[in-house]
Amino acid sequence: MIKVMKFGGTSVGNAGALERSVKIVRGEKATKVVVVSAQSGITNTLIGWMREEGRGPQGVVDDLRGRHLSAVMNRLSEGDLAAYTSRIDASLEQLVTHLERFRRSNDPSLPDTIASWGERLSTITMAHLLSVEGVDAVPMTSEEAGIVATGPPGNGSADLDPTGRNLKRTVNPLLDAGKTPVLTGYYGCTKEGKPLTFGRGGSDYSASIVAHGLGADCLEIWTDVDGFMTADPRIVQNARTIREMDYGEAGELAYFGAKVLHPRTIEPVRRKKIRLLVRNTFNPEGAGTMIHNLRSPGKTLLRSVAIKSDLSIVKLYSSEIVYQPRFVSILLDAIGDNGVNTYAVSTSLSTLVVVIPTSDVPQALKRINELKESQIEKLMVKNNVSLICAVGDNMIDTLGVASKVFGVVEEAQANVELISEGASDIALNFVVPSDRAVDVVRMLHERYIGG
Ligand code: ADP
Ligand code: ASP
Ligand code: MG
């Protein structure tokens with residue numbers, strides 16, 4: 001039995017959390033592969049540095065060094081600490097060369113290379129602490145493991161088949177020799193050998209890719225909450241842990257804002273029917289959430305609700321647009337260029353409406369304006385909207401679900417800007433102004449999910 005165990009940023013973020021994570025790995029009897037995120041805050045620091053023009057590398061490197069050393073300081077003997085420090089310093093030396101190049105080069109792979117550095121430092125840390133505790137752990141980068149990625153910078157996708165072949169060659173021999181590989185999450189490698197990140201929060205996806213490639217029996221995502229919950233516990237105080245979920249349900253919620261899983265985590269494990277468990281590093285006795293093929297829908301009106309913020313509605317007017325089907329597809333193609341995700345689409349006789357991240361609007365508009373056949377008569381953008389994804393059993397077949405949901409939306413004094421129903425059997429999605437979205441989620445939860 002092979003188990004892939006992924007530890008998120010808070011689970012490796014400080015001395016206490018690392019101690020817990022190490023204990024969880026050490027206590028696992030199965031053959032295991034560990035995947036780690038950067039310590040919480042490190043990726044933000046690296047990305048922040050790249051955005052702040054003119055800053056030299058030294059400050060950021062000292063900061064990273066300090067945070068990593070202080071997380072292990074009291075747990076290592078003098079000799080172990082010296083060995084650890086020299087590995088971290090060697091890694092940071094490489095980072096300095098990338099940071100220096102970043103300021104004078106336009107190499108498009110450099111931002112992803114730099115953003116991936118927290119994961120590299122994290123594998124060194126985790127493997128070192130595990131070794132000290134008697135686990136024969138080996139740190140391994142995505143390059144060494146052979147995780148193949150394609151796509152635009154900052155938004156890569158894994159190429160599962162070659163990745164699987166590589167992992168069998170690189171990771172399986174270590175497992176056969178009784179070792180525990182500790183892999184970097186968050187990024188893979190292009191055909192040209194350059195790092196390519198999977199988007200923020202991408203380490204969950206990395207772990208799913210590894211589970212798929214090795215044909216693992218189980219993927220465990222260790223995080224800082226008791227599992228996949230009925231809503232984001234930061235928004236809804238009495239959100240509950242969901243014991244069991246279907247892959248589809250978890251996938252919809254993750255795509256539409258449930259940050260507990262990177263949106264792409266589900267597909268690789270679903271393909272091979274690998275059980276996915278979401279568990280709490282800070283409460284390892286808890287059962288967590290089991291995500292698998294759950295084919296017996298119950299009768300729950302609503303089971304969970306997620307919220308995706310920082311979205312915009314882009315409305316394109318062109319007379320009788322629906323009678324020009326090629327034009328609609330050209331527009332969608334232009335908007336979706338460079339990996340822009342479209343969260344909802346709707347048409348009327350003369351309009352095409354899409355919901356996309358606000359940060360992608362300038363690029364989408366640029367692409368639309370560049371179209372030669374542009375017959376757009378008017379274009380409207382509405383910012384500050386959020387999409388709410390309400391998931392339940394049989395959303396389509398059950399009479400009156402929409403009226404119940406929208407009744408609550410009205411009570412929350414929110415205007416529904418767009419509805420997407422019917423695309424999924426289990427989800428009802430709609431867009432509301434962002435300043436009303438949290439209230440809508442809280443009221444829906446209170447009324448139909450409960451504390
Ligand atoms: P990690 O660093 O372990 O990857 P993240 O911060 O990425 O952790 O994800 C965990 C967080 O996701 C939780 O702390 C919680 O606030 C948030 N979250 C959002 N929606 C949900 C949900 N439906 N269930 C559980 N957590 C959620
Ligand atoms: N460290 C990366 C991020 O902060 C990936 C992850 O945490 O999953 O986005
Ligand atoms: Mg995460």
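Computed over heavy atoms, backbone and side chain alike; hydrogens, waters and symmetry mates excluded. Order of listing sets the numbers, starting from 1, for every ligand and every atom in it.
Counted by atom type alone, Thr10 and Asp224 present one or more donor-acceptor pairs between their side chains at under 3.5 Å. Side chain to side chain, Thr358 and Ser312 meet the donor-acceptor criterion of an N or O pair below 3.5 Å.
Among the candidates Leu261, Asn341, Ile266, the single residue satisfying the side-chain contact (heavy atoms from CB on, under 4.5 Å) test with Tyr255 is Asn341. Evaluated for a side-chain contact (heavy atoms from CB on, under 4.5 Å) with Trp222, the options Leu277, Asn280, Ile24 yield exactly one hit, Ile24.
Distances shorter than 4.0 angstrom occur between a heavy atom of Glu119 and an atom of ligand 2. Using a non-hydrogen distance threshold of 4.0 Å, Ala231 registers as a contact of ligand 1. Heavy-atom distances between Gly227 and ligand 1 reach below 4.0 Å in at least one pair. Between Ser304 and ligand 1 there is no heavy-atom distance shorter than 4.0 Å.
The main-chain N or O of Thr197 is found under 3.5 Å from a side-chain atom of Asp112 such that the two form a donor-acceptor pair.
In terms of protein heavy-atom proximity, atom 2 (O) of ligand 1 is closest to Gly9 N, 3.0 Å. Here the heavy atom of the protein found nearest to atom 23 (N) of ligand 1 is Met229 O, 3.1 Å. Looking only at protein heavy atoms, the nearest one to atom 7 (O) of ligand 2 is Ser37 OG, 3.4 Å. Annotation: atom 26 (N) of ligand 1 to nearest protein heavy atom, Val260 CB, 3.5 Å.
Here is the list of ligand 2 atoms found below 4.0 Å of a heavy atom in Arg200: 3 (C), 4 (O), 9 (O).
Annotation for Asp107: atom CG counts as buried by contact number, over 12 foreign heavy atoms lying within 6.0 Å. Annotation: Arg87, atom CZ; neighbour count of heavy atoms from other residues, nucleotides and ligands within 6.0 Å does not exceed 12.
The option from Val391, Asp224, Thr289 that lies nearest to atom 14 (O) of ligand 1, judged by heavy atoms, is Asp224. With distances taken over non-hydrogen atoms, the option nearest atom 6 (O) of ligand 1 out of Lys6, Lys259, Arg234 is Lys259.
On a distance-only criterion, Gly199 and ligand 2 share no N/O pair closer than 3.5 Å. Taking distance alone, with nitrogen or oxygen atoms compared against 3.5 Å, Ser37 stays at or beyond that limit from ligand 1. Taking only nitrogen or oxygen atoms, main chain and side chain alike, Lys6 does not reach within less than 3.5 Å of ligand 2.
In this structure, Phe198 and Tyr205 have perpendicular ring planes: the angle between them is above 60°, well past the 30° mark.
Looking at heavy atoms from C-beta onward, Arg436 lies out of side-chain contact with Asn415 at the 4.5 angstrom threshold.
Contacts between Ser203 and ligand 2 below 4.0 angstrom, taking non-hydrogen atoms only, involve backbone and side chain alike.
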